[in-house]
Number of protein chains: 2
Amino acid sequence: MKNYFSSQFKLGILGGGQLGKMMLYDTRKYDIQTYVLDPSNEAPSKVACNHFTQGSLMDYETVLNFGRKVDVLTFEIESVNIDALETLEKEGIKVYPQPSVLRNIQDKGVQKDFYKKHNIPTASYEKYAFAKAVKESPQWLDNLPFIWKSCTGGYDGKGVSVVRTASDLDTLPEVPCIAEKMIPFKNELAVIVARNVSGEVKTYPVVEMEFHPEANQVEYVICPARIDETVAQKARDIAEKVSNAFGHVGLLAVEMFQTENDEILVNEVAPRPHNSGHYSIEGSFTNQFEQHLRAILDLPLGNTDSKVASVMVNLVGDEGYTGPVKYENIEHIMGMDGVTPHIYGKKETRPFRKMGHVTIVDHNIEKARTVAEKVKGSIKVIAQ
Amino acid sequence: MKNYFSSQFKLGILGGGQLGKMMLYDTRKYDIQTYVLDPSNEAPSKVACNHFTQGSLMDYETVLNFGRKVDVLTFEIESVNIDALETLEKEGIKVYPQPSVLRNIQDKGVQKDFYKKHNIPTASYEKYAFAKAVKESPQWLDNLPFIWKSCTGGYDGKGVSVVRTASDLDTLPEVPCIAEKMIPFKNELAVIVARNVSGEVKTYPVVEMEFHPEANQVEYVICPARIDETVAQKARDIAEKVSNAFGHVGLLAVEMFQTENDEILVNEVAPRPHNSGHYSIEGSFTNQFEQHLRAILDLPLGNTDSKVASVMVNLVGDEGYTGPVKYENIEHIMGMDGVTPHIYGKKETRPFRKMGHVTIVDHNIEKARTVAEKVKGSIKVIAQ
């Protein structure tokens, strides 16, 4: 008998950003006692957790001491000290997703090798010790443009560049990296897979992502993706194959390309609630945060179907504004049908910083999409 | 320009029970700064508000001092000191719903007079200074059984009795009360009406309530009510008429009887989020707590339609158990389709105490209803 509810049971969460904050809606709903560790004393999660600790997620001792206080430990960000998680796991603390999953993900070169090893379709690539070393490989310079990615530290488009000329390589940081074939694709898709401790697995519907061309951040997430049912099923099957390969407990968000020939190639994964699943709060029978909790606490997984169609719009700081945030025209968008804004609670805006998101739901996906464009055209994230 | 989001704006909430707790999901979603006053240091709202004050809601000075700290003041319970609210209103604090609304509601005799004055259909009644005084009125003793209600202090079925014989009156408290005609009804219905500061009004669909025969607490809330469209429209129209009469800002939950002749009679109202609207968290485009915030902050009201059909089951303490709570079989019900439990975070259970609720949603209402019965038959709220 699992007794997590209104009890002495303690759940730890590494990271107190917006993902952690949204997860806390569901820990509160279930009355699960939470401990949060975050480097910032103004972390969005700080208010609604039971116990907040300020400290570095990359520091071995900090993570170790924090983890020893809890019964189950999870994270909302991959940049955490894996050595500490491995020690905690050995000491009997349940760490989900498992540190072994993070080992295969944190370094993008290792992640690509993992796909190759498990016959998971992905764009061809080579690993290099530093950017200029790519110049020694004519295969890349003869096939411009291609993609350059730093092996670690990438997030929200950082650490990723399109190399258009050989000299572009001179401007890139001299860190371990990969060169990757640039895929001409029709769509960027994502599937979230949930797996609980007992091995029950469920996939969410395929979503379609549109990126902001300059910021390289997701601008719209559309659920369900407006693609053929056959392609959608292929994407779900591949996502489940990736999930089986990792054997993760918790959520795994699998980002994929749909090529011009309707091939599905895995781009990258995140073992946690994901931006591409925010629509699920309003759209799905079981939202991704509740699902993550169900998975790591070994409760039965909930229905991943949608109640209605959804479009999610990221609210990022407008260019040219830095300072205390103001959401201009937010009342205006709240008058539009099916619109729910989510404000992450960051006090300061800066260009392209993720400050919130807006979900638009409707029984009709095209109508939701039209409203989403109006939302995007109205609201501005500026400084006061 | 209203700037409530991630700002210095302060919302006060009187009462920190489950209603306040659920409202805080939405204040967190909007990053609205909250102050909560509750007599209990273990109030369910304590964790997720920004500032918690322990104190009596009925004490003039306590409510006054608390209210002076905030910009807008609301409440999740009617038993608050109205004199203090009136003083605050005079001092320029926005108090929503307005103290004048509470003046017409807190005393059930005054509430019934209000309906009579505004030609709102309601069961016939008489007011009395104390229970035994009803014996002087043959109209009641000649028409047994009838309903006795104390004018103040009633909640969750407390302060209400069915009088079957004259001697029943001797066992009732000697407080101001009303005698009310017992209405043979087909259904108990409820409609939640939202009104913002600017006067925009929206009604939620009619819900159907089934009561537990002994505890006189709602056992199932079904949305939409399975009644004729004509009757549903009449109920919505009467609820809107009641709302117009009160001129409240915020939510008003209107409880009604559908008589055997399909008349609609207003039973009572609550100017706050209501148990009959909990289904809206999963079921509606805009949940009642978010709607209440939109209304009192004078933001546009959201869509009140349902995404899917819903059935809500109250989780009340099982008879014969008092002590630290345990939710037996909760994992089992979480494996059922469309089931979301809400645990209020009260540490101690006692017979019939509201400890949580479960929402069951489905595109098909009969399917949701069948699952709801399974939920009710499985989960037990007992002591550890």
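These figures come from a predicted structure and were not determined experimentally.
- The local environment of OH in A:Tyr321 is sparse, with at most 12 non-hydrogen atoms from other residues, nucleotides or ligands closer than 6.0 Å.
- When the options A:Phe9, A:Tyr25, A:Phe5 are evaluated for a ring-ring contact (aromatic ring centres under 6.0 Å, His included) with A:Tyr30, the one that passes is A:Phe5.
- Using a 4.5 Å cut-off between heavy atoms, A:Gln384 contacts chain B through its side chain alone, with no backbone atom that close.
- In this structure, A:Val36 and A:Gly15 approach most closely via the heavy-atom pair CG1-O, 3.9 Å.
- When heavy atoms are compared at a cutoff of 4.5 Å, B:Lys346 approaches chain A solely by way of its backbone atoms N, CA, C and O.
- Counting heavy-atom pairs closer than 4.5 Å to chain B, the top-ranked of the candidates A:Glu200, A:His342, A:His332 is A:His342.
- Top candidate by heavy-atom pairs under 4.5 Å with chain A, chosen from B:Leu299, B:Leu24, B:Ile281, is B:Leu299.
- When heavy atoms are compared at a cutoff of 4.5 Å, B:Asp362 approaches chain A solely by way of its backbone atoms N, CA, C and O.
- When heavy atoms are compared at a cutoff of 4.5 Å, A:Lys29 approaches chain B by way of both its backbone and its side chain.
- Crowding of A:Arg369 atom CZ: a count of heavy atoms from other residues, nucleotides or ligands under 6.0 Å exceeding 12.
- The residues A:Glu290 and A:Arg294 are annotated as salt-bridged, a charged nitrogen and a carboxylate oxygen being separated by less than 4.0 angstrom.
- With a 4.5 Å cut-off on non-hydrogen atoms, B:Lys307 touches chain A through its backbone and its side chain both.
- For A:Ser306, the part lying under 4.5 angstrom from a heavy atom of chain B is the backbone only.
- Listed for the A:Thr74 side chain is a donor-acceptor partner under 3.5 Å among the backbone atoms of A:Tyr96.
- Taking the six-membered ring where the residue is Trp, A:His357 and A:Tyr344 present tilted rings, their angle falling between 30° and 60°.
- The greatest number of non-hydrogen atom pairs below 4.5 Å with chain B, out of A:His363, A:Met22, A:Lys347, is found for A:His363.
- Proximity to chain A is limited to the backbone of B:Pro44, based on heavy atoms less than 4.5 angstrom apart.
- For B:Lys10, the NZ atom is densely surrounded, since the number of other residues' heavy atoms within 6.0 Å is greater than 12.
- Considering only heavy-atom pairs separated by less than 4.5 Å from chain B, the leading option among A:Pro341, A:Gly338, A:Gly356 is A:Pro341.
- Top candidate by heavy-atom pairs under 4.5 Å with chain A, chosen from B:Ala48, B:Ser7, B:Gly302, is B:Ala48.
- Residue B:Val308 touches chain A through its side chain alone, counting heavy-atom pairs closer than 4.5 Å.
- Residue B:Ser280 comes nearest to B:Asn287 through the heavy atom pair O-CB, 3.4 Å, listed as atom of the first residue, atom of the second, then distance.
- Among A:Asp337, A:Asn303, A:Val47, the residue making the largest number of heavy-atom pairs under 4.5 Å with chain B is A:Val47.
- Using a 4.5 Å cut-off between heavy atoms, B:Thr34 does not touch chain A at all.
- Shown here is A:Lys376, whose NZ atom has more than 12 heavy atoms of other residues, nucleotides or ligands within 6.0 Å.
- Across A:Thr340, A:Asp298, A:Val325, the residue that shares the most heavy-atom pairs under 4.5 angstrom with chain B is A:Thr340.
- Relative ring orientation between A:Tyr35 and A:Phe66 is described as perpendicular, the plane-to-plane angle rising above 60° on a 0-90° scale split at 30° and 60°.
- Here B:Asp31 is the residue among B:Asp26, B:Leu301, B:Val361, B:Asp31 with the most heavy-atom pairs under 4.5 Å with chain A.
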